[in-house]
Visitor: 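There's a structure below that I have some questions on.
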Amino acid sequence: MGVRVRFCPSPTGYLHVGGVRTALYNWLFARHHGGVAVLRIEDTDTSRETVGAIEQIQRSLDWVGLDFDESPARGGPHGPYLQSERADVYREVAESLVVDGLAYRCYQSPEELTVAREAARQTDDPAAPTRAHRELSAAAVAAFETQGRQPVIRLKTPLEGATEVADLVRGDVSWENRLLGDHVLLRADGGATYQLANVLDDLHHGITHVIRGDDLLPSTPRQVLLAEALGRAYPVTAHLPQILGPDRKRLSKRHGAASVEEFRDAGYLPEAVVNYLALVGWSYDSTTEIMSVDELVERFTLDRVSPSPGVFDHVKLAWMNGVHLRSLEPGDYGRRLTGYLVERGSPLATRDLGAAVPLVQEKIATLGEFEDFAGFLFRPVVYDPAAWRALAEMPAAASLLDAASAALASLAVLDTTSVDGALRGVCEAAGLKPRVALLPLRVAITGSKVSPGLFESVALLGREESITRLHAARVRLS
RNA sequence: GCCCCCAUCGGCUAGUGGCCUAGGCCCCCGCCCUUUCAAGGCGGUAACACGGGUUCGAAUCCCGUUGGGGGUACCA
């Protein structure tokens, strides 16, 4: 059978970059091997569920282009892909494990358990409290039942030996079984825990490789043992290193882990996000960094995944986004830009941006910078305070503005080349270097000290509008 | 407390015993180009956590220490 992997988020909120990275590695692995990628929603804990989370996760995945072959939305031959629809199966399996003597009912109240745990903490058998009801007499069971206690079902974890896992990223890892404790499979309310549902679904979905964050590494032996109790083999695992925040703490929603949608909204390209994320925890060789999705699919292998955690670097992502943006063919760039502005509800969305593309493509790192950077081409100038101050403080500003107006007015043909010549002439006549003399003109035309090329901008704005702006600045000056 | 994982420049990483006077990219700092800013080009600062082994030889293997992270739930 071919490779089958799954990405199984719980619907507790948006998908942050760490989640996307996990989804990406699963997807790349599946595509690389011509296998199948499954999206499964782990919603066994309804109390933690967030409204709309499933849709939001799907939307994020769609945006980055990770098309899972089987999912709640698409269906598939191994459905359902929503754990809430398999509740009966989980319960039946748990019951049958009890019948087979591999699991048992435990009547301890959460409070009793907490107290016992605290007491056992310092002993050499801290897991003992979980086994308190492992060998209950019939009389004791009857007594608890009479009290109306609702039992949970726990797995009988072996008391001796060790459970070993040959992880594709970590190598061999092993745990002493006696320290594992008897974990809960079925809650008192009859609902399955993650430990039960996750394993049953992986088996049900025919998963061959479990690729997930290494925060789940400690739960692996329990899952292996459960699979064994069911007479099945647990899939091969690959535990990915954590993505850390700038504080070197695990990236979590609690301390501002970015949702992928934030990157979309800020004007990042999905292929840049994918490219960057692929490189946090994986590398192709010592020099290759910029890669298309197809190249990633072709090159991705788990043996090149690093075991050590990495810090998410927004600055490098922005740089990489700029690289991808610059490599776009101008027509495509224009379409993406328009698409982005439409999405954002920008008033510029309806304008013809085509001519502005060459002026901005080399400059901005995210589409989100477009309005600030090139907005002056499409609407009245807004002077940046600092820029205006620089203009105002320049003694020659007034005469330069006048000279520039005159020079543009006298041009037979107004294009980038002729504007270049005319304005350089103005600088020369004033006896100033272009970099100095062009400043007030730039501020008058663009409103900023930072802008696309001045000559190109003037050519694009046209003679009338350019002269109007020069005049306006001149008037405002006096 | 106990269990597990991790450990190369500020960040992402290459490196699987000799090719390493440790390479690439981002950031930072110079210089060049130049109509500002970017982009681009050139150059630079900067790392094998520490201590023991193993070996002719260790960033690479082993042990310990330290540091960081995760787990220890009727969350996932």
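Chain letters run A, B, ... following the sequence lines, proteins first, then strands; residues in each count from 1. Source: prediction; values computed, not measured.
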Visitor: What is the nucleic acid contact for A:Thr44, judged by heavy atoms within less than 4.0 Å: base, sugar-phosphate only, or nothing?
Guide: sugar-phosphate
Visitor: Base, sugar-phosphate alone, or nothing: which one does A:Gly281 contact when heavy atoms must sit under 4.0 Å apart?
Guide: sugar-phosphate
Visitor: Hey, is A:Glu271 close enough to A:Arg336 for a salt bridge, meaning N to O under 4.0 Å?
Guide: yes
Visitor: Roughly how far apart, to the nearest Å, are B:A47 and B:A39 at atom P?
Guide: 26 Å
Visitor: For B:C26, does OP1 or OP2 lie under 4.0 Å from any side-chain N or O of A:Trp319?
Guide: yes
Visitor: What's the closest nucleotide to the side chain of A:Ser283 if the choices are B:A76, B:A14, B:G71?
Guide: B:A14
Visitor: Can you check whether A:Ser451 has a side-chain N or O nearer than 4.0 Å to OP1 or OP2 of B:U36?
Guide: no
Visitor: Which nucleotide in the list B:C37, B:G40, B:C5 gets nearest to the side chain of A:Arg326?
Guide: B:G40
Visitor: Let's see if you can work this out: which of B:A76, B:G24, B:U34 has an atom nearest to the side-chain heavy atoms of A:Tyr194?
Guide: B:A76
Visitor: For A:Arg178 and B:C2, is the shortest distance between a side-chain N/O and OP1 or OP2 below 4.0 Å?
Guide: no
Visitor: Does the side chain of A:Thr163 come within less than 4.5 Å of A:Thr157's, by heavy atoms?
Guide: no
Visitor: Between A:Asp285 and A:Arg299, does any side-chain N to carboxylate O distance fall below 4.0 Å?
Guide: no
Visitor: Got a second to check how far A:Arg326's CZ is from A:Asn321's CG, nearest 0.5 Å?
Guide: 9.5 Å
Visitor: Rounding to an integer number of angstrom, what distance separates B:A22 and B:G64 when you compare their P atoms?
Guide: 31 Å
Visitor: Start at the 5' end of RNA chain B and walk down; is the nucleotide closest to A:Val323 or to A:Arg442 reached first?
Guide: A:Arg442
Visitor: Check whether any side-chain nitrogen or oxygen of A:Arg304 sits under 4.0 Å from OP1 or OP2 of B:G15, and answer yes or no.
Guide: yes
Visitor: Which nucleotide in the list B:G23, B:C26, B:C5 gets nearest to the side chain of A:Lys316?
Guide: B:C26
Visitor: Using a 4.0 Å heavy-atom cut-off, does A:Arg212 contact any base of the nucleic acid, only the sugar-phosphate backbone, or nothing at all?
Guide: nothing
Visitor: Write down the distance separating the P atoms in B:U55 and B:G69, rounded off to the nearest Å.
Guide: 37 Å
Visitor: In terms of side-chain heavy atoms of A:Val311, which of B:C12, B:G71, B:A76 is nearest?
Guide: B:C12
Visitor: Looking only at atom P, what distance separates B:C4 and B:U65, rounded to whole Å?
Guide: 13 Å
Visitor: With nearest nucleotides of RNA chain B determined for A:Pro307 and A:Gln150 from heavy-atom distances, which residue corresponds to the more 5′ nucleotide?
Guide: A:Pro307
Visitor: Is A:Arg117 near enough to B:C2 that one of its side-chain N or O atoms lies under 4.0 angstrom from OP1 or OP2?
Guide: no
Visitor: Side chain of A:Glu456: nearest nucleotide among B:U35, B:G24, B:C6?
Guide: B:U35
Visitor: Using atom C1' of each nucleotide, how far apart are B:G18 and B:G24 to the nearest Å?
Guide: 22 Å
